[in-house]
Amino acid sequence: MAQVNIPRTVTDPFYRYKMQVLQTKVEGKGNGIKTVILNLTTIARDLDRTPEYILKFFEIELGSQTNIESERYSVNGSHTVDALAKVLDSFIARYVLCGSCKNPETKFIIKSKTMDLKCAACGNKTPLDIKPKMAAYIMKNPPKATSGSKSRTTADEAPSKPSSKDLKKKKDSDEEEDDDVVWYTDTSEKSVEERKKKAIGGSTAVVMAMMDLGINEITDPVEYLVMALVRSDDDFYKELDNVKEKFALARSYDVARVAVEALANKSAQNMLDAATKKKSLLVKISKKKDGQYGILMGLENVCAADPELLKSVVRIFKSLYDDDIVTEEVFIKWATKSKAKEVKKVVAPFIEWLETAEEDEEDEDEEEEDEEEEDE
């Protein structure tokens with residue numbers, strides 16, 4: 001069965017986190033038509049989530065009733081596999097990926113009035129909004145705790161390493177005061193290697209060697225920065241100092257351009273998330289040589305990769321302006337030089353507003369100067 005990365009926006013063919021490609025089948029006619037998700041159980045296992053969570057998310061997002069019949073999961077109505085895959089992408093982004101490192105090795109931590117994602121890779125907690133229906137459903141139907149599940153630690157692991165039982169005892173002690181419920185993923189080196197092999201179907205030594213080459217062998221600057229971002233925001237920013245020379249980027253603004261394209265990774269939703277959750281990174285990017293102009297060029301290219309971003313690009317432009325990340329002079333410069341007709345058409349009212357505001361400020365400055373001269 002074909003597999004894709006978790007999330008699908010990661011383009012590295014040797015990325016270790018994989019899930020099966022969504023498989024569906026439309027059955028019935030008229031009012032009885034439904035879309036059966038043939039491998040939801042397997043996908044849920046790959047994501048380490050219950051299939052009921054994913055099915056409930058489909059129900060909420062699509063506004064269609066769902067059904068469970070002897071572990072056969074379906075959504076009422078006829079839905080294309082692409083449409084369902086996009087909804088699944090949204091579920092993964094909201095309820096699987098770590099908010100810090102974007103790693104899918106997360107577990108829910110549920111209290112009476114809060115819910116977080118705890119990442120086994122970087123150790124960070126991502127607070128989740130409990131207002132949406134999906135979050136409320138998870139809180140009312142929490143997953144099984146580790147105490148009732150089998151350990152994933154391999155039996156022949158070196159005795160010097162702590163066992164899963166020891167890890168659980170330590171974690172229970174750490175979380176006792178908060179009365180949290182925590183679930184785990186084994187991140188030992190051996191287990192990670194086993195997941196790598198499973199992800200590529202029991203690869204040969206040659207393919208495993210290719211996996212270990214990792215980020216240093218990537219030939220595309222955007223993909224290079226995407227891989228750095230998977231590790232951490234700090235690694236991403238550090239690599240910005242190297243990317244121009246490493247990939248022989250011709251123009252000074254290209255560093256900021258590829259940085260923004262990496263943050264978006266060909267997805268409108270990723271770009272929207274970056275504009276709200278990665279502002280500190282955008283500020284740092286803007287301070288690179290011609291960084292502000294590069295940010296706008298990157299956004300222009302992201303719109304070409306995912307036209308859905310056009311619906312929100314004005315909001316992003318306004319946010320960049322309000323947060324002093326990009327100045328009005330740079331916006332106007334970009335509008336003068338850009339050849340992206342669709343983007344320019346959408347943001348034209350915003351650019352016109354900036355130009356008008358700039359003219360008003362110039363008039364006010366002239367009036368103040370005249371008043372000062374009269375006073376003298």
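- Residues Glu300 and Ser338 bring a donor and an acceptor atom of their side chains to less than 3.5 Å of each other.
- Scanning all heavy atoms of the two residues, the minimum distance from Leu263 to Ala274 falls at CB-CB, 4.1 Å.
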Between Arg94 and Glu61, is a salt bridge (Lys or Arg N to Asp or Glu O under 4.0 Å) present by the stated rule, with each step listed?
CA-CA 13 Å; Arg94 298 185 198 179; Glu61 294 296 302; 3.7 Å; yes
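- Counting heavy atoms from C-beta outward, Lys284 and Lys287 have side chains that stay 4.5 Å or more apart.
- Contact record, Leu272 with Ser312: CD2-CB, 3.4 Å, taken as the closest heavy-atom pair.
- Within the 4.5 Å cutoff, no side-chain heavy atoms of Tyr253 are placed close to those of Gln292.
- Residues Ile54 and Leu40 form a side-chain contact, since some pair of their non-hydrogen atoms from C-beta on lies under 4.5 Å apart.
- For Thr327 and Glu329, the side-chain atoms include at least one donor-acceptor pair closer than 3.5 Å.
- The side-chain heavy atoms of Glu261 and Val302, taken from C-beta on, include a pair separated by under 4.5 Å.
- Using the six-membered ring where Trp is involved, Tyr17 and Tyr15 have ring planes that are perpendicular, over 60° apart on the 30 and 60° scheme.
- With respect to the salt-bridge test (charged N to carboxylate O, under 4.0 angstrom), the residues Asp233 and Lys278 qualify.
- At a cut-off of 3.5 Å, with distance as the only test, no side-chain donor of Arg315 or Thr276 sits close to an acceptor on the other residue.
- Contact check on Lys318 versus Asp322 returns a salt bridge, with a Lys/Arg side-chain nitrogen under 4.0 Å from an Asp/Glu carboxylate oxygen.
- No hydrogens or angles considered: nothing links the side chains of Asn5 and Asp12 as a donor-acceptor pair under 3.5 Å.
- Residues Phe331 and Phe350 place their aromatic rings such that the two centres sit under 6.0 Å apart.
- Under the 4.5 Å side-chain criterion, counting only non-hydrogen atoms from C-beta, Leu249 is in contact with Val258.
- For the residue pair Gln23 and Asn39, no side-chain donor N or O sits within less than 3.5 Å of a side-chain acceptor on the partner.
- Across all their heavy atoms, Asn76 and Asn67 have their closest contact at OD1-ND2, 2.8 Å.
- Side-chain atoms of Tyr95 do not come within 3.5 Å of backbone N or O of Ile138 as any donor-acceptor pair.
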I would like to know whether Asp254 and Arg257 meet salt bridge (Lys or Arg N to Asp or Glu O under 4.0 Å); could you show each step before the answer?
CA-CA 5 Å; Asp254 278 336; Arg257 174 185 61 78; 3.0 Å; yes
Test salt bridge (Lys or Arg N to Asp or Glu O under 4.0 Å) on Lys288 and Asp241; report intermediate values, then the result.
CA-CA 9 Å; Lys288 294 290 182 183; Asp241 293 331; 2.4 Å; yes
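- The CZ atom of Phe236 sits 6.0 Å away from atom CG of Leu281, with the distance rounded to the nearest 0.5 Å.
- When every heavy atom of Cys101 is checked against every heavy atom of Cys122, the shortest pair comes out as SG-SG, 3.7 Å.
- Residues Asn124 and Thr126 are not in side-chain contact: their nearest non-hydrogen atoms beyond the backbone lie 4.5 Å or more apart.
- Residues Glu308 and Lys86 are not paired through a salt bridge, judged by the lack of any N-O separation under 4.0 Å between the basic side chain and the carboxylate.
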Report the C-alpha distance between Trp334 and Phe317 in whole Å, list the side-chain angles of each, state the deciding distance to 0.1 Å, and finish with yes or no for ring pair (Phe, Tyr, Trp, His ring centres under 6.0 Å).
CA-CA 12 Å; Trp334 168 84; Phe317 271 35; 5.4 Å; yes
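- Across every non-hydrogen atom of Cys119 and Asn103, the tightest pair is SG-CB, 4.1 Å.
- The shortest heavy-atom contact between Ser286 and Ile325 is CB-O, 3.4 Å.
- Salt-bridge annotation for Lys56 and Glu59: present, with a side-chain N of the basic residue lying under 4.0 Å from a carboxylate O of the acidic one.
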